[in-house]
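These notes are about the structure you will find just below.
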Amino acid sequence: MIKKAKPKVKIDKKAALALEVEIAGLELRNPVMTASGTFGYGSEFAPYTDLEKLGAIIVKGLSLKPRHGNPSPRIVETPCGMLNAIGLQNVGVEAFIKNKLLFLRKLKTPVIANIFGETVDDYRELALRLEDAGGVAALEINISCPNVKKGGIAFGTDPVEAHKVVSAVTSAVRLPVITKLSPNVTDIRVMVRAVQDAGTNAITLINTIPGLVVDVEKRRPMLANVIGGLSGPAIRPIAVRMVWEAKSVAKVPLIGSGGIISANDALEFILAWATAVQVGTANFLDPDAAVKVAVGIAGYCKRHNAAVKSLVGGMKARE
Amino acid sequence: MQSSQAAILHNKKVVDDYFRMRLSWSGMEVRPGQFIMLRVSDGLDPLLRRPFGIYNVIGAKKTTGFSFKRPTGVEILYRVVGKGTAILSSKEPGERINVLGPLGNGWVEPEEARNVIMVAGGVGLAPMLPLAQRLKAGALLFGARHKADTKIVAGFSGLGCKIKIATDDGSRGFKGFVTGLLAKEIKPDSVIYACGPAPMLKAVAVIALASGARCFVSLERTMACGIGVCLGCAVKTGAHKAGYEADGFSMVCSDGPVFDSTDIDWDAL
Ligand SMILES: Cc1cc2nc3c(=O)[nH]c(=O)nc-3n(C[C@H](O)[C@H](O)[C@H](O)COP(=O)(O)OP(=O)(O)OC[C@H]3O[C@@H](n4cnc5c(N)ncnc54)[C@H](O)[C@@H]3O)c2cc1C
Ligand SMILES: Cc1cc2nc3c(=O)[nH]c(=O)nc-3n(C[C@H](O)[C@H](O)[C@H](O)COP(=O)(O)O)c2cc1C
Ligand code: FES
């Protein structure tokens, strides 16, 4: 049977549609976002990539007050990865609104603000301030940071505290809320249930995995902070496994993050139930990496004649 | 600023563990003291790009200014110290390599080229060549391990700067640290440009402060992004100095690599 060739424009349009996904009520042109802390405030990448080809931009984690971050050295390379202890250095929410949001608002790409605090109230205040400012499409709550009122144990490792933080934000604002989970727990499903009950609209997993690199000659830790967060391709199989485990209890969409370098890596997450993905460390290797991942996914969709939406959870476990 | 594939034109050993690599690379403008980041391997290990000072700018249009306009190539001078630089040294002409750059601020142009003293330790010599080419005056004080290493300074002859050498073992020039030469050379109206190991830079900063000379240092830190977003290459800068976005820390890749030596918190380095 001979098929009639369709006009080129139409195919492109169809291909574009094939990439669209919906997360927490946001329509994304494709499932590829940039991970918080690896893409600055977006503008830094403008000389190197087309910001309007991204699904969404997630900016560096914001706190109420500016933070200076940790002493140096802050990063060290590891096999197929890197360890970082930046200490959440950032300009603070007010400077973000005043100096960074102006540029971001002009983009046709949704901007997601990543927030973190030391207390539950910090999170609520941050959320209110950002909703008030306008121009932010959603919030991503980073709960992998120490809860000052609970002796510094991370919010993200205690389901009760995680529930409190997420409820405080979801009850305060109308903006869609994404909760970013820490992998540093025994059973990720407990955390998924907790933040879901607290009203989160989507869940990102995973944040970095705590690690330690020792300088054997000097007999000292490589990082001034001793411990850092491991990211990059080294953590990808762990992250994919956690997305897949999370799905067994998740009712909200999942966003996969951890070691995505190529479209193939992103598709692993999607087939294991992620609706969207985040590209992090790869932005350092190639400032155009996230767009290349999106282009690669489009190629896959074309080859398999499938829309991204239909690929979500498409991995079949062996009989 | 761009990320592009460049062809390797040559990659030659200069002496011992020092190599020179020339890349076919076209850009708008390069300032003396800027650097590039190379992806030494397309694989995942080593994962991160490696930073290298721009040692030579090829084919730039003749200009009277401080920067080089529209170059057609760049050269790096590098020392093999680990996995990434070992891979780099095995590359053959004709192979391609991904280049990000030019990055960083570069040297601050001096008011009076005559008063300039460049102080370089080891491979810290690299970012001095474009500066020397532009200034065509002043002095270069170069510190090396031994006589053989001083071969890398050959590129500076005929540029109009006076060259003085110090070696650790005294096999050529002054025996001892390059800072020993600086102490003799420095005047209150000198402008110092220094690049090399951290202890050398600290000693240079101390001498400059004592004599009242202005001093710029080019620093090195482990880097991931090179464009100021990962916040990994932080150095502590004096909180008393205004102008830094988050006072307390500056990024070597985007605020530097060149800093006024009085901005640096040397005890924290
Ligand atoms: C702005 C800037 C400009 C630079 N310019 C040059 C240059 O022109 N020529 C040149 O040869 N090198 C330069 N360097 C240093 C160069 O980037 C490192 O030597 C290189 O990244 C080491 O990579 P590697 O994989 O071979 O070593 P690794 O395997 O990563 O490390 C091997 C050893 O080298 C040490 N090392 C790693 N990184 C550095 C570093 N940044 N500085 C000092 N020691 C390090 C490690 O502590 C370790 O002991 C520059 C660095 C910066 C930040
Ligand atoms: C240098 C660096 C800084 C980061 N900063 C943040 C941050 O501020 N907030 C956050 O939620 N995650 C942060 N992350 C985690 C990333 O967003 C991402 O979840 C993680 O690195 C795993 O993805 P990757 O392997 O693709 O990098 C940071 C990661 C890196 C490497
Ligand atoms: S290397 Fe990333 S901020 Fe400097």
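Per chain, numbering begins at 1; letters A, B, ... match sequence-line order.
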[atom1]-[atom2] distance between [X] and [Y], expressed to the nearest 0.5 angstrom:
X        : Y        : atom1 : atom2 : result
B/Cys225 : A/Phe39  : SG    : CZ    : 11.5 Å
A/Arg67  : B/Leu231 : CZ    : CG    : 12.0 Å
A/Thr281 : B/Leu47  : OG1   : CG    : 7.0 Å
A/Ile86  : B/Phe249 : CD1   : CZ    : 10.5 Å
A/Glu44  : B/Ser254 : CD    : OG    : 8.5 Å

Under 3.5 Å: donor-acceptor pair, side chain of A/Glu77, backbone of B/Pro46:
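Pair absent, no side-chain N/O of A/Glu77 close to backbone of B/Pro46.
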
Taking A/Arg74 for its side chain and B/Ala234 for its backbone only, find out whether a donor-acceptor pair lies under 3.5 Å.
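A pair under 3.5 Å: no.
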
Shorter than 4.5 Å, heavy atoms on both sides: which option in [options] has the most such pairs with chain B?
options                               : answer
A/Ala85, A/Pro233, A/Ala282, A/Ala234 : A/Pro233
A/Ser72, A/Pro73, A/Gly40             : A/Ser72
A/Gly92, A/Gly37, A/Pro287            : A/Pro287

Quick one: does [X]'s side chain get under 4.5 Å of [Y]'s, heavy atoms only?
X        : Y        : answer
B/Ile227 : A/Phe284 : no
A/Gln89  : B/Met251 : yes
B/Leu48  : A/Leu285 : yes

Residue pair [X] / [Y]: nearest heavy atoms and the distance that separates them:
X       : Y        : result
A/Tyr48 : B/Leu100 : CE2-CD1, 3.5 Å
B/Leu44 : A/Ile261 : CD2-CG1, 4.3 Å
A/Thr38 : B/Val229 : O-CG2, 4.1 Å

NZ/B/Lys69: more than 12 non-hydrogen atoms of other groups inside 6.0 Å:
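Count over threshold, so yes.
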
Answer with side chain, backbone, both or neither: which region of B/Met223 has an atom nearer than 4.5 Å to a non-hydrogen atom of chain A?
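When you check distances to chain A, only backbone atoms of B/Met223 fall under 4.5 Å.
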
Between A/Asp286 and chain B, which part of the residue has a heavy atom less than 4.5 Å away: side chain, backbone, both or neither?
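Backbone plus side chain of A/Asp286, per the 4.5 Å heavy-atom cut-off to chain B.
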
Engaged part of A/Thr49 at the chain B interface, taking heavy atoms whose separation is under 4.5 Å:
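Contact with chain B involves no heavy atom of A/Thr49 at all.
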
